[in-house]
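Everything below concerns the one structure shown next.
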Number of protein chains: 2
Amino acid sequence: MVAIDWETVDPEVKKVFDTYTKEKTFPKDALILDAGSICNHLLIIKSGLVRNFYFDPKGNDITHWFSGPNSVVTSPPSFFKQEPSFFRIETLQPTVANVITHSQLEEAFKKSIELERFGRQLAINIMMALGQKVIDLQTKTAEERYHELLFQYPDILQQAKLGHIAGYLGITQQSLSRIRGNKKV
Amino acid sequence: MVAIDWETVDPEVKKVFDTYTKEKTFPKDALILDAGSICNHLLIIKSGLVRNFYFDPKGNDITHWFSGPNSVVTSPPSFFKQEPSFFRIETLQPTVANVITHSQLEEAFKKSIELERFGRQLAINIMMALGQKVIDLQTKTAEERYHELLFQYPDILQQAKLGHIAGYLGITQQSLSRIRGNKKV
DNA sequence: TTCGTTTTTTAACATAGGTGAAATTTTGTA
DNA sequence: TACAAAATTTCACCTATGTTAAAAAACGAA
């Protein structure tokens, strides 16, 4: 959940986005990207909620990332290396997004140093958010991670299923249910 | 450990680096960045080994990242936002690195679209490596993570202390020692 | 060499979270 | 409104890793 703050974005970048992206609408529970296919699109969510997920070797459904309004979704390894995707992407709510293809984005980068800079800054922000997630997984209990998610993104809790959230937190659905029941006192 | 492959780097970028960076040598066990100070430098390691670490609320020493030859070290949140650092950085071996300050880097970015692009691609690569670490923490046992590190970066094992490696893997030193002792059969 | 320090290992016990299965609640729809 | 399907909760038991403390091994300076 790394939201873009459009207020602070260079007008030039907005213009490029308007030129190159195309608005698209997805129903709820739509599989936008399947595992094994090459991810050719990057989406900037206007409204709705999407998750990036995968099945681990034991078959557990793990949510890697949630993306809500003003955040970006793609399968980074597949999109940037143009290789078959490990991640799947699906909508959790009806979603409207601006879509750009890999080749369009590359073309846009060539034409605009402002976009190149924006892309770098966005990548750095996502990198820092992932770094924070690594820290959280290593130093916080599942319960602490749950309460923080609840505090930071209460919307997700209302729009996603428990299993999706549990996978995101790195625990099973049963454990999350147990944590929720732990109304201390 | 995201090493830069200099073979594939634009000559223009190399030139900019040569112009702006300054080579610096650090002895073993040197604290390059302390917590609380603003990280004003980014290092590109030429030789040696460095780690990025922090103390969690319980006082455990957690290694966030190792950086060996051709990889980049900084405290990203502190360097990019110019705020007090949460991470500390120290050498684990005598180290030689090319150093660039935050303002020099910003200046260089302004002058070279090639550098801007290189920076974006590097950020994307680090982002993907962190994404993989999140996946590993969520889907692999400590033992699997240890064997993979051993396989991918055998050098680290010989140059870092057990406690540093355990923290990186997300477990205690005692657990890592136990795992090592598990010569099955 | 030898002694003191640092690092690593070992061991007994504690606990967070996993597993599998069943019970319950919620939801959508006929 | 009632029922079937889906989602969530509960429960009993299990396991990986944490905790604390002590022993052993490795290292480094005199």
Side-chain angles (χ1 to χ4, degrees), chain A residues 27-31 49 51 53 55-63 66 90-94 133-150 156-184, chain B residues 27-31 49 51 53 55-63 66 90-94 133-150 156-184:
Chain A
K28 189 176 181 226
D29 296 322
L31 187 68
L49 184 65
R51 74 178 183 124
F53 69 107
F55 293 98
D56 78 7
K58 286 180 207 138
N60 303 309
D61 173 327
I62 314 277
T63 296
F66 289 108
E90 72 177 9
T91 55
L92 300 180
Q93 295 294 328
K133 184 164 178 183
V134 168
I135 293 171
D136 290 348
L137 284 170
Q138 289 189 194
T139 66
K140 290 173 183 159
T141 63
E143 186 158 2
E144 287 168 328
R145 296 199 297 275
Y146 171 68
H147 287 301
E148 271 173 36
L149 183 67
L150 191 60
I156 290 178
L157 276 283
Q158 275 143 7
Q159 296 180 24
K161 285 175 199 159
L162 257 207
H164 298 155
I165 296 164
Y168 179 80
L169 295 172
I171 56 177
T172 60
Q173 179 167 326
Q174 290 92 317
S175 293
L176 179 52
S177 185
R178 172 160 47 193
I179 285 168
R180 278 179 138 187
N182 278 348
K183 305 271 166 8
K184 291 169 190 169
Chain B
K28 190 177 181 227
D29 295 322
L31 188 68
L49 184 65
R51 75 178 181 123
F53 68 108
F55 293 98
D56 78 8
K58 287 180 206 138
N60 303 310
D61 173 328
I62 314 277
T63 296
F66 289 108
E90 73 178 9
T91 55
L92 301 180
Q93 294 295 327
K133 185 166 178 182
V134 168
I135 293 172
D136 291 347
L137 285 169
Q138 287 188 299
T139 67
K140 291 174 183 160
T141 63
E143 186 158 0
E144 288 169 328
R145 297 199 297 277
Y146 171 68
H147 287 301
E148 270 173 37
L149 182 67
L150 192 60
I156 292 178
L157 276 283
Q158 275 143 5
Q159 296 180 25
K161 285 174 199 158
L162 216 50
H164 299 155
I165 295 164
Y168 178 79
L169 295 172
I171 56 177
T172 60
Q173 179 167 325
Q174 290 91 319
S175 293
L176 179 51
S177 186
R178 173 163 43 197
I179 285 168
R180 278 180 137 186
N182 277 349
K183 304 270 171 0
K184 292 171 190 168

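Naming: A, B, ... by sequence-line order, numbering from 1 per chain. When reading the values below, keep in mind they use all heavy atoms of this one structure, side chains included, and skip hydrogens, waters and symmetry mates.
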query: Hey, where on DNA chain D does chain B first and last touch, going 5' to 3'? Cut-off is any atom under 4.0 Å from a heavy atom.
result: dT17(D) to dA21(D)
- request: Determine: side-chain N/O of S175(A) to OP1/OP2 of dG18(C), distance under 4.0 Å, yes or no.
  value: yes
OP1 or OP2 of dG18(C) under 4.0 Å from side-chain N/O of T172(A): yes
field: Approximate separation, where rounding is to 0.5 Å, of F66(A) CZ and L92(A) CG
entry: 6.5 Å
message: With rounding to the nearest 0.5 angstrom, report the OG1 to NZ distance, T139(B) to K58(A).
response: 8.0 Å
Output the rounded distance in Å from [atom1] ([X]) to [atom2] ([N]).
X	N	atom1	atom2	result
N60(A)	dG18(C)	CG	P	9 Å
L157(B)	dT8(C)	CG	P	11 Å
L137(B)	dG17(C)	CG	P	14 Å
I171(A)	dT19(C)	CD1	P	12 Å
Q174(A)	dA16(C)	CD	C1'	15 Å
Y146(A)	dA16(C)	OH	P	18 Å
L176(A)	dT19(C)	CG	P	15 Å
K140(A)	dG17(C)	NZ	P	14 Å

Main-chain N/O of [Y] paired to [X] side chain as donor or acceptor, under 3.5 Å:
X	Y	value
T91(B)	P94(B)	no
Q173(B)	L162(B)	no
D56(A)	N60(A)	yes
Q159(A)	L49(A)	no

- request: Any chance you could lay out the salt bridge (charged side-chain N to carboxylate O under 4.0 Å, His left out) test for D61(A) and R51(A), step after step, and finish with the verdict?
  value: CA-CA 11 Å; D61(A) 173 327; R51(A) 74 178 183 124; 2.8 Å; yes
- request: Determine to 10° how strongly the helix from dT1(C)-dA30(D) to dA30(C)-dT1(D) is bent, judged from the axes of its five-pair ends.
  value: 40°
task: Compare all side-chain heavy atoms of L169(B) with those of I179(B) and state whether any distance is below 4.5 angstrom.
output: no
- prompt: Quick one: does L149(A)'s side chain get under 4.5 Å of L157(A)'s, heavy atoms only?
  reply: yes
field: Per K161(B) side chain, nearest of listed nucleotides dT9(C), dT7(C), dG17(C)
entry: dT7(C)
- prompt: Of all the choices, dG17(C), dA12(C), dG20(C), which nucleotide is nearest to the side chain of A142(A) once you look at every atom?
  reply: dG17(C)
